Amino acid sequence: MFASVKRAVLSFGAAVCMIISSAIVSWGAGPLVVVDQGHGQRFLVEQKGELHLSGLAATLGEEGLQVTIGRERLTDESLAKAAALVISGPFEPLAPEEVDAVVRFLERGGRVALMLHIGQPLAGLIHRVGGDFSNSVLHERQNVIDDNDITFRVRDLVTHPLFSGLEQFSLYGGWALNGLTPLARTSAEAWVDLDGNRKLSAGDAVDRFTVVAEGSIGSGRILIFGDDAIFQNRYLDDSNSRLARNLAHWLAGR
């Protein structure tokens, strides 16, 4: 569907340390980032395929973070030593008790980054922090990639450390966000197919839609990306790679 971008996966470095148990695998040193893989995720940080997230994990490690894969339920105990939590592309919903644990983690000062593949598995958490998402993917009429209107470059960026050194990044099928502070938006000609007829028509919403948003809960921060493909190995071009590096700094509270 999309043109393949060949990319060498960055090495985790000679000092990689693997700790294997039924629950977690971890490597690196520094502030601890838990990457949740306990909710049916199909795109994984330990896998090197084009749609996986090994490049993101390498970037986090290079920026001084310790990456731990969490395969169990999110609890106060599983997050007790973490500085940050990443939940990318879940296919199974967080249980209410897990949502409560993540909110308590935020209230204690934790940082949470969410990346949506589909919205519903994260609906409980997103609604709890005051956010929402569209019921259909975004289509764009500006900055389109490869004549596919759900893949496009995002150029309306606020001044924020997340976008340091960036003029744009690329999105590969995402959802509109609402209810939190907008950080990145589509052009004013983007649209959501509300009537489901797969074409722009009078019943559809046309607007400048948020695709990255940020919020505060207690002393913590939450960052939501309307797309999880941004950080997949295939799509880590120069801009998205820089965004991943900036995300590492944000997760570390820098």
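Every heavy atom of this structure was used, including side-chain atoms; hydrogens, water molecules and symmetry mates were not. Note that this is a predicted model, so its numbers are computed, not measured. Throughout, numbering of the chain's residues begins at 1 and tracks the sequence.
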Test your reading of the model: is there a side-chain donor-acceptor pair from Gln41 to the backbone of Asp36, 3.5 Å cut-off? yes
Pairing residues for Glu107 by the salt bridge (charged side-chain N to carboxylate O under 4.0 Å, His left out) criterion, not counting sequence neighbours: none
To the nearest 0.5 Å, what is the distance between CG on Leu32 and OG1 on Thr68? 4.0 Å
Output yes when a side-chain donor or acceptor of Thr186 lies under 3.5 Å from a complementary backbone atom of Phe209, and no otherwise. yes
Measure the shortest side-chain to side-chain distance between Val206 and Arg141 over non-hydrogen atoms and say whether it is less than 4.5 angstrom. yes
One should read off an interatomic distance between Leu251 CG and Glu63 CD, to the nearest 0.5 angstrom, of 11.0 Å
Any side-chain heavy-atom pair from Ile230 and Tyr172 closer than 4.5 angstrom? no
Side-chain contact, heavy-atom cut-off 4.5 Å: Leu60 with Val45? no
Does Phe43 have any ring-ring contact (aromatic ring centres under 6.0 Å, His included) partners at least two apart in sequence or in another chain, and if so, which? His117
Please list all pairs meeting salt bridge (Lys or Arg N to Asp or Glu O under 4.0 Å) that have one or both residues in residues 202-215, counting only residues at least two apart or in different chains. Asp156-Arg208, Glu214-Arg221
For Asn233 and Glu50, indicate whether the former's side chain and the latter's backbone hold a donor-acceptor pair under 3.5 Å. no
Just how far is it from atom CZ of Arg242 to atom OG of Ser164, taken to the nearest 0.5 Å? 4.5 Å
Approximate separation, where rounding is to 0.5 Å, of Asp149 CG and Glu140 CD: 8.5 Å
On a heavy-atom basis, which atom in Ser219 and which in Arg108 lie closest, and how many Å separate them? OG-C, 3.5 Å
Mind checking whether Arg155 and Asn143 have side chains closer than 4.5 Å, heavy atoms only? yes
Thr151-Asp146 side chain donor-acceptor pair, cut-off 3.5 Å: no
Grouping I, L, V, M, F, W and Y whenever their side-chain heavy atoms are under 4.5 Å apart, do Val192 and Val144 come out in a common cluster? no
So, does His160 use its side chain to make a donor-acceptor pair with the main chain of Leu162 at under 3.5 Å? yes
Applying side-chain hydrogen bond (donor to acceptor under 3.5 Å, both in side chains) to Gln232 and not counting sequence neighbours gives none
With sequence neighbours left out, which residue pairs that include part of residues 212-231 fulfil the ring pair (Phe, Tyr, Trp, His ring centres under 6.0 Å) condition? Phe225-Phe231
CZ (Arg42) with more than 12 external heavy atoms under 6.0 Å: no
Between CG on residue Asp228 and CG on residue Leu56, distance to nearest 0.5 Å: 11.0 Å
Quick one: salt bridge (Lys or Arg N to Asp or Glu O under 4.0 Å) pairs with a partner in residues 169-179, sequence neighbours left out? none
Short question: side chain of Arg111, backbone of Trp250 - any donor-acceptor pair under 3.5 Å? yes
Side chains of Leu243 and Phe163: does their closest heavy-atom pair fall under 4.5 Å? yes
As an exercise, state the distance from CG of Asp237 to CD1 of Ile145, rounded to the nearest 0.5 Å. 7.5 Å
Can you find a heavy atom in the side chain of Leu94 that is under 4.5 Å from one in the side chain of Ile87? yes
Consider only side-chain heavy atoms of I, L, V, M, F, W and Y, link residues closer than 4.5 Å, and tell whether Leu74 and Leu44 are in one cluster. no
